[in-house]
Undergrad: 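Sending over a structure as C-alpha cells; questions will come in a sec.
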Amino acid sequence: MPYLTAPADARRTAGGEQLGFGVPGYAHPLLAPAEWAELARPGTPLHWAVLNIANGPGSRPDPHCLEAAGRLRNARERALHGAAPNDSVRAVGGRLLGHLDLAHGERPFDELIADARSFIDWYRIGGFYLARCPADRDRLPAVRRLTGTLHALLAESDSADDGGRLVLGHGSHPYPGYAEAADQLVTFQGPWTDYRWSQVAEWTADYPPERFAHFVHGVPRTHLEEAMRIARWQGAGTIFFTDRSDRSDRSDRSHRSDRDGSDSRDGRMAQSDPFAALPSYWDEIVSRIGPGISE
C-alpha cells in the first residue's frame with residue numbers, strides 16, 4: 001500500500017477513530033443555499049467551514065453571508081450548550097473560519113491583518129483559514145508572526161471560544177516546524193488519482209489526527225471506503241471528499257449561475273472549484289463518518 005510509510009502502530013487513526021468535515025469554502029450562499037443549510041443541520045460531523053466572499057471578507061458586510069454565518073454560529077451554540085451530545089464530533093460543533101489568502105507568502109502583513117479584523121467585526125468568525133500558505137522553512141518566521149497576531153485578535157474578540165482556530169492551507173506536507181504555528185495543517189489537497197498513491201511524511205506520526213486535514217476531489221463513490229481508509233492510515237482527522245472535478249463543477253455551476261441570473265465574482269470562482277458544492281454522495285459520506293461509525 002503506497003500510502004503507508006510507517007508501521008501500523010504509528011498511524012494514529014488506524015483503529016477507525018471519528019473523522020469530521022472541513023469545508024474549504026462553499027460558493028456564495030445565494031449560489032449554494034443547500035450547501036450552507038447542510039452545515040447547520042443537527043448531527044452533521046462538521047469541524048469547520050470557510051467563509052470566502054471575494055478572496056477575503058469583501059469591501060463591506062454581505063447580508064446573505066451574515067445570515068449564513070449566524071445560522072452556523074447558532075448551530076455551534078446548540079451543539080456545545082444544548083442537549084448533551086452523544087459523540088465527540090457533535091460536541092466539537094462547526095466553527096466558521098475567515099479566508100485569508102497568503103499568496104504563498106507574498107501578501108503584506110498589514111493587508112492580512114486588515115482582512116482579519118473585518119472578518120471578526122462583521123461576521124464574528126471563530127478562526128481563520130490561511131489559504132496558499134507557504135511550506136518552506138524560510139517563510140516560517142513570517143507565518144509564525146502572522147498566526148501569533150491572529151491568535152491575539154481572536155482572543156480579544158467575543159466570537160471565538162477557546163481562543164479560535166487557525167488552519168494552514170498548504171495542500172502538501174510543509175516543513176515540520178509549521179505544525180507548531182497553527183492548530184491544523186492541510187497536508188493534501190488535490191485529485192483522487194494522486195491521493196490514492198500518496199505518501200505521508202514520517203514526522204506527522206508525532207502528532208494526533210486533529211492536527212491534519214485532507215481535501216480530495218474526483219473521488220468516485222465506489223472508492224469512498226478506500227479514501228477514508230487512506231485518511232485514517234495517514235493520520236488525518238478532518239477531510240472533505242467529493243466526486244466533483246474542475247470540469248463537472250464548471251458545468252454545474254455555470255448552469256446554476258445562469259438560472260439565478262448571477263454574474264458575480266463568487267460565481268465565476270465557483271465554476272472552477274470542485275469544493276464549492278456538495279458531492280453527489282453527501283448523505284452517504286455523512287452516514288459513514290457520523291455517529292456510530294467508529295469501532
Side-chain angles (χ1 to χ4, degrees), residues 1-24 43-50 79-80 85-95 97 126-130 133 135 147 162-190 192 194-216 219 223-242 275 285-295:
M1 290 180 287
Y3 46 85
L4 302 182
T5 60
D9 58 3
R11 298 294 97 210
R12 299 303 182 88
T13 53
E17 286 83 351
Q18 201 86 47
L19 296 170
F21 293 122
V23 179
T44 298
L46 177 69
H47 290 167
W48 47 264
V50 176
L80 293 176
N86 60 11
D87 65 86
S88 59
V89 171
R90 286 189 187 183
V92 171
R95 296 178 188 268
L97 308 182
F128 294 101
Y129 179 79
L130 279 59
C133 184
T147 57
D162 301 327
R165 187 167 187 82
L166 299 182
V167 179
L168 302 184
H170 305 287
S172 61
H173 288 96
Y175 175 72
Y178 283 91
E180 304 304 322
D183 301 292
Q184 192 174 57
L185 312 180
V186 179
T187 53
F188 185 93
Q189 180 166 339
W192 166 245
D194 291 342
Y195 189 60
R196 68 184 310 186
W197 304 109
S198 63
Q199 294 185 349
V200 64
E202 293 280 357
W203 62 264
T204 63
D206 295 332
Y207 296 89
E210 61 263 24
R211 301 299 302 280
F212 303 104
H214 291 172
F215 301 144
V216 190
V219 181
H223 288 279
L224 263 181
E225 187 60 40
E226 181 184 358
M228 293 168 63
R229 185 166 61 249
I230 294 173
R232 291 189 173 107
W233 276 104
Q234 292 197 2
T238 301
I239 62 169
F240 193 86
F241 296 157
T242 180
F275 302 110
I285 195 171
V286 167
S287 67
R288 282 175 179 261
I289 72 173
I293 198 66
S294 298
E295 298 178 353

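The structure displayed is predicted, hence computed values, not measured ones.
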Undergrad: Say whether, by atom type as modelled, one donor and one acceptor occur between the side chain of R95 and the main chain of A49 under 3.5 angstrom.
TA: no
Undergrad: Looking at A231 and I239, what are the two nearest heavy atoms and their distance?
TA: CB-CG2, 3.9 Å
Undergrad: Measure across S198 and Q234 and return the closest heavy-atom pair with its distance rounded to 0.1 Å.
TA: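 Looking at all heavy atoms of both residues, the closest pair is OG-NE2, 3.1 Å.
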Undergrad: Check F21 against T238 and note the closest heavy-atom contact, atom names and distance.
TA: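 Looking at all heavy atoms of both residues, the shortest contact is C-CG2, 3.7 Å.
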Undergrad: To the nearest 0.5 Å, what is the distance between CD on E202 and OG1 on T204?
TA: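 So the gap between those two atoms works out to 7.5 Å.
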Undergrad: Just jot down the salt bridge (Lys or Arg N to Asp or Glu O under 4.0 Å) partners of E225, sequence neighbours excluded, or say none.
TA: R288
Undergrad: Tell me every residue that passes side-chain contact (heavy atoms from CB on, under 4.5 Å) with P174, counting only those two or more places apart in sequence or in another chain.
TA: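 side-chain contact (heavy atoms from CB on, under 4.5 Å) check on P174 returns A135, H170, Y178, L185, T187, W203.
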Undergrad: Find the distance between CZ (F241) and CH2 (W192) and round it off to the nearest 0.5 Å.
TA: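 Interatomic distance, F241 CZ to W192 CH2, rounded to 0.5 Å: 7.5 Å.
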Undergrad: Compare all side-chain heavy atoms of L130 with those of T147 and state whether any distance is below 4.5 angstrom.
TA: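 They are in contact (side-chain heavy atoms under 4.5 Å apart), so the answer is yes.
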Undergrad: Taking atom CD of Q199 and atom NE2 of H173, what is their separation to the nearest 0.5 Å?
TA: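 Here the rounded value is 10.0 Å.
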Undergrad: What is the distance from atom CD of Q184 to atom NE2 of H47, rounded to the nearest 0.5 Å?
TA: 8.0 Å
Undergrad: Which residues pass the ring-ring contact (aromatic ring centres under 6.0 Å, His included) test with Y129, not counting sequence neighbours?
TA: W48
Undergrad: For residues L19 and P45, report the shortest heavy-atom separation together with the two atoms involved.
TA: O-CB, 4.4 Å
Undergrad: Quick one: does D183's side chain have a donor or acceptor within less than 3.5 Å of a partner on L166's backbone?
TA: yes
Undergrad: Just by modelled atom types, is the P24 backbone N or O under 3.5 Å from a matching donor or acceptor in the Q189 side chain?
TA: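 Between the backbone of P24 and the side chain of Q189 there is no qualifying donor-acceptor contact (under 3.5 Å).
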Undergrad: Looking at Y195 and A227, what are the two nearest heavy atoms and their distance?
TA: CE2-O, 3.8 Å
Undergrad: Which atom pair, heavy atoms only, marks the closest approach of H223 to R196?
TA: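 Looks like CE1-NH2, 3.7 Å.
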